[in-house]
Enquirer: 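Can you keep this structure in mind? I'll have questions shortly.
Values in this document were obtained by computation on a predicted structure and should not be read as measured data. Here is the naming used below: chain letters follow the sequence lines, and residue numbers restart at 1 for every chain.
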Amino acid sequence: MVSWFKQKKSVILDKEKIEELLTRGVERHYPSEDFLRQRLFSGDRLKLYLGIDPTGPTLHLGHAIPLRKLKQFQDLGHEIILLIGDFTARIGDPDKKEVRKQLTRKEVLENAKLYKEQASLFVSFKGKNAAKLMFNNSWHSKLNFSDVLDLASKITVQQMLERDMFRKRIQAEKPIYIHEFMYPLIQGYDAVAMNVDGEVGGNDQTFNMLVGRTLLKELKGKEKFVLPMKLLVDTTGSKMGKTTGNMLSFLDSPEEKFGKIMAWTDEMILIGFELCTDIDLSKIKNRLDGGENPRDIKMELAYEIVKTYHSDIVAKGARDAFVKTFQKGNTPNEIKSVKAGIGEKLYEVFIREEIVNSKIEFRRLIEAGAITNKTDNEKITEMDAPARPSVYKIGKHRFFEIKAM
RNA sequence: GGGGGGAUACCGAAGCGGUCAAACGGGGCAGACUGUAAAUCUGUUGGCUCAGCCUUCGGAGGUUCGAAUCCUCCUCCCCCCA
């Protein structure tokens, strides 16, 4: 009883903060918003987690959104866990089109290496309410076939088939392997293994998170809340997916991050503020409605986001670089520099440095008038133009400085 | 186990003996327009020693002057029946 009293005291019951937590960026609430509100006001210290599968070498902006939500829970004194899906990543969450290539344990661990460090930009792994880092291989690797059967008996095939990924596969007459089919079950078991009160994640994870909810209810009689977050997408739906390549990576340079955000459509400005900053949304909305140039508001968004990853000064620098390069058409301060030998042709250097893939690709760029020598302010029109020590620009965004060897 | 259908470039999808490096759509890249926006329009999207040549249509053989297209075997997938 004593410890229970202690826990009660450690949780903050700030009404405003709780409402912000319940609404900002949240797509839905399971089982209900009121359920979670009651839990938050009950004074209980809740245990919740965010699971990330280390399928790629770095976190990206999409991960930051639920991480920020996790942070809000942490700030209120709740117990938060960042779960690295080192087991689940090997299977891969089923994709709507193809069977994923299975990763090796080594690849997965390699990917996960920087995750904690990157996640600590948002949640704290230090101090008195430090976030915990867990790995789901530690329990999944111990389950045997009999355990798996017990779990599998809690979910029906019909329930599993509700997953849109599976439906799409079936519709497209593409194979679904049993190990993929079991993915939601495996991921769902995480909630049981950690015996949590809740989970946050992207809206695309709703199905998996709900499987966890079902399992926890079946096995421990516990009502797990599930908080799916809105996804950062443009009006057409899925422009920001990592497959399309324009997702902000944590490892992008500040300038790249700034530029990528500026390339978002205007319709994403408000959702961008909602999901990636703490700024009051009503003010932004008023300004947008008031006819202010969306570009300027987007610049602020880009600045705010870059600031969360780097620092105020760096964000300002990225903004200045953006203005200088794209609004005034100058050369950015920091550009990739490559060496060229005497007598080397421009295409030879570009191919060697993998700036272009082939000679014919270089030719196409020449023919399109896409390559400029910025130092001489001259368009390159000849295939065999020499590689001069100058700054070259390909298209709008790519700058290279060639230096003599 | 039986029967039928299918595997085509980054993805989807035409082609079914020569005119096929392969229509069309999406995505990518580039150009115009702009706010590096978005939308739109245009070009381009295997490689090279570039009016030509080489490699590519699941894999391996074969038929043919000639194959993505026909035949054989293999691998994989889907559907229907049991």
Enquirer: What are the two closest non-hydrogen atoms of Val11(A) and Gly77(A), and how far apart are they?
Expert: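 The answer is CG2-O, 4.3 Å.
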Enquirer: Can you name the one residue among Lys283(A), Arg295(A), Arg287(A) that meets salt bridge (Lys or Arg N to Asp or Glu O under 4.0 Å) with Glu300(A)?
Expert: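 Checked Lys283(A), Arg295(A), Arg287(A) against Glu300(A); only one passes salt bridge (Lys or Arg N to Asp or Glu O under 4.0 Å): Arg287(A).
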Enquirer: For A13(B), give its Watson-Crick or G-U wobble partner with both distances under 3.5 Å, or none.
Expert: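 Pair assignment: A13(B) / none.
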Enquirer: Before accepting this row, confirm whether a basic side-chain N of the pair Glu79(A)/Lys132(A) lies closer than 4.0 Å to the acidic partner's carboxylate O.
Expert: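 Yes.
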Enquirer: Check whether any side-chain nitrogen or oxygen of Arg398(A) sits under 4.0 Å from OP1 or OP2 of A30(B), and answer yes or no.
Expert: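 Checking Arg398(A) against A30(B): at least one side-chain N or O falls below 4.0 Å of OP1 or OP2.
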Enquirer: Taking the P atom in each of U63(B) and C50(B), what is the distance between them to the nearest angstrom?
Expert: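 Between the two P atoms, the distance is 35 Å.
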Enquirer: Counting heavy atoms from C-beta on, name the nucleotide in A30(B), G35(B), C78(B) closest to the side chain of Asn293(A).
Expert: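 Comparing A30(B), G35(B), C78(B) against the side chain of Asn293(A), the answer is G35(B).
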Enquirer: Considering every strand and a 4.0 Å limit on heavy-atom distances, what is the contact class for Lys298(A): base, sugar-phosphate, or nothing?
Expert: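 Answer is base: heavy atoms of Lys298(A) come under 4.0 Å of a base.
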Enquirer: In whole Å, what is the span from the CD1 atom of Ile360(A) to the C1' atom of G46(B)?
Expert: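 That distance rounds to 8 Å.
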Enquirer: With rounding to the closest Å, how many angstrom separate the C1' atoms on G15(B) and C20(B)?
Expert: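 Straight-line distance between the two C1' atoms is 9 Å.
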Enquirer: Can you measure Lys393(A) atom NZ to G31(B) atom C1' for me and round it to whole angstrom units?
Expert: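 Lys393(A) atom NZ is separated from G31(B) atom C1' by 11 Å.
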Enquirer: Report the residue (Phe326(A) or Ile394(A)) whose heavy-atom-nearest nucleotide on RNA chain B is the more 5′ of the two.
Expert: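 Checking each residue's closest nucleotide, the 5'-ward one belongs to Ile394(A).
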Enquirer: Just by distance, with hydrogens left out, do Gln205(A) and Glu199(A) show a side-chain donor and acceptor under 3.5 Å apart?
Expert: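 No.
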Enquirer: Who is the Watson-Crick or G-U wobble partner of G1(B), with both distances under 3.5 Å?
Expert: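 Paired with G1(B), as far as the under-3.5 Å criterion goes, is C81(B).
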Enquirer: Mind checking what makes side-chain contact (heavy atoms from CB on, under 4.5 Å) contact with Glu304(A), not counting sequence neighbours?
Expert: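 Only Thr277(A), Ile279(A), Lys307(A) meet the side-chain contact (heavy atoms from CB on, under 4.5 Å) criterion with Glu304(A).
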Enquirer: Scan Gln327(A) against the nucleic acid and name what it touches under 4.0 Å (heavy atoms): base, sugar-phosphate only, or nothing.
Expert: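 If one applies the 4.0 Å heavy-atom cut-off, Gln327(A) turns out to touch the sugar-phosphate alone, with no base involved.
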Enquirer: Select one nucleotide: of C48(B), G35(B), C79(B), the one nearest the side-chain heavy atoms of Ser358(A).
Expert: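 The answer is C48(B).
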Enquirer: For Tyr177(A), report the nucleic acid contact type (base, sugar-phosphate, nothing); a contact means any heavy atom under 4.0 Å.
Expert: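 Contact class for Tyr177(A): sugar-phosphate only.
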Enquirer: For G27(B), give the paired nucleotide (Watson-Crick: N1-N3 plus N6-O4 or O6-N4; G-U: N1-O2 and O6-N3; both under 3.5 Å), or none.
Expert: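 When the pairing criteria are applied, U45(B) turns out to be the nucleotide that pairs with G27(B).
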Enquirer: For U72(B) and G4(B), measure between their P atoms and round to the nearest Å.
Expert: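 Those two atoms are separated by 13 Å.
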Enquirer: Closest to the Thr265(A) side chain: G35(B), A38(B), C77(B)?
Expert: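 In terms of side-chain proximity for Thr265(A), the closest of G35(B), A38(B), C77(B) is A38(B).
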Enquirer: For RNA chain B, whose closest nucleotide is more 5', that of Met262(A) or that of Ala370(A)?
Expert: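 Between the two, 5'-proximity favours Ala370(A).
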Enquirer: Quick one: Glu361(A) CD to C50(B) C1', roughly how many Å, whole number?
Expert: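 Result: 17 Å.
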Enquirer: Could you tell me the separation between the CZ atom of Arg364(A) and the P atom of G28(B), rounded to a whole number of Å?
Expert: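 It works out to 16 Å between those atoms.
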Enquirer: What's the gap between C57(B) and A22(B) when it is taken at their C1' atoms, as a whole Å value?
Expert: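 Their C1' atoms lie roughly 8 Å apart.
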Enquirer: Using a strict cut-off of less than 4.0 Å between a Lys/Arg side-chain nitrogen and an Asp/Glu carboxylate oxygen, indicate whether Glu110(A) and Lys113(A) qualify as a salt bridge.
Expert: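 Between Lys113(A) and Glu110(A) there is a salt bridge, with a charged N closer than 4.0 Å to a carboxylate O.
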Enquirer: Could you tell me the Watson-Crick or G-U partner of A21(B), where both distances fall under 3.5 Å? Say none if there is no partner.
Expert: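 No nucleotide pairs with A21(B).
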Enquirer: Please state how far atom CG in Asp296(A) lies from atom P in G35(B), giving the value in whole angstrom units.
Expert: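 The answer, rounded to whole Å, is 11 Å.
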Enquirer: For the pair Arg37(A) and Glu33(A), find out whether any cationic side-chain nitrogen is under 4.0 Å from an anionic carboxylate oxygen.
Expert: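 Result for this pair is yes, salt bridge flagged.
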Enquirer: Give me the distance, rounded to whole Å, that separates U8(B) from C54(B) when you measure between the P atoms they each carry.
Expert: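 Rounded to whole Å, the distance is 26 Å.
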Enquirer: Would one find a side-chain N or O of Lys359(A) under 4.0 angstrom from OP1 or OP2 of C50(B)?
Expert: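 Indeed not, no polar side-chain atom of Lys359(A) lies that close.
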Enquirer: OP1 or OP2 of G12(B) less than 4.0 angstrom from a side-chain nitrogen or oxygen of Lys174(A), does that happen here?
Expert: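 Yes, such a contact exists.
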Enquirer: In this structure, how many angstroms lie between the C1' atom of A32(B) and the NZ atom of Lys396(A), rounded?
Expert: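 Rounded to whole Å, this separation is 9 Å.
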Enquirer: Write down the distance separating the C1' atoms in A23(B) and C73(B), rounded off to the nearest Å.
Expert: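 Between the two C1' atoms, the distance is 32 Å.
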Enquirer: Specify the separation, in whole Å, of atom CZ of Arg363(A) and atom P of U49(B).
Expert: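 Whole-Å distance recorded here is 8 Å.
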Enquirer: What distance, rounded to whole Å, do you find between the two C1' atoms, one in A7(B) and one in A14(B)?
Expert: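 Comparing C1' positions in A7(B) and A14(B) gives a spacing of 15 Å.
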Enquirer: Rounding to an integer number of angstrom, what distance separates U40(B) and G47(B) when you compare their P atoms?
Expert: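 Pairwise P distance, U40(B) against G47(B), rounds to 27 Å.
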Enquirer: Applying a 3.5 Å limit to both distances, which nucleotide forms a Watson-Crick or G-U wobble pair with U40(B)?
Expert: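 Partner of U40(B): A32(B).
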Enquirer: In whole angstrom, what separates Arg169(A)'s CZ from C79(B)'s P?
Expert: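 Those two atoms, CZ and P, are 13 Å apart.
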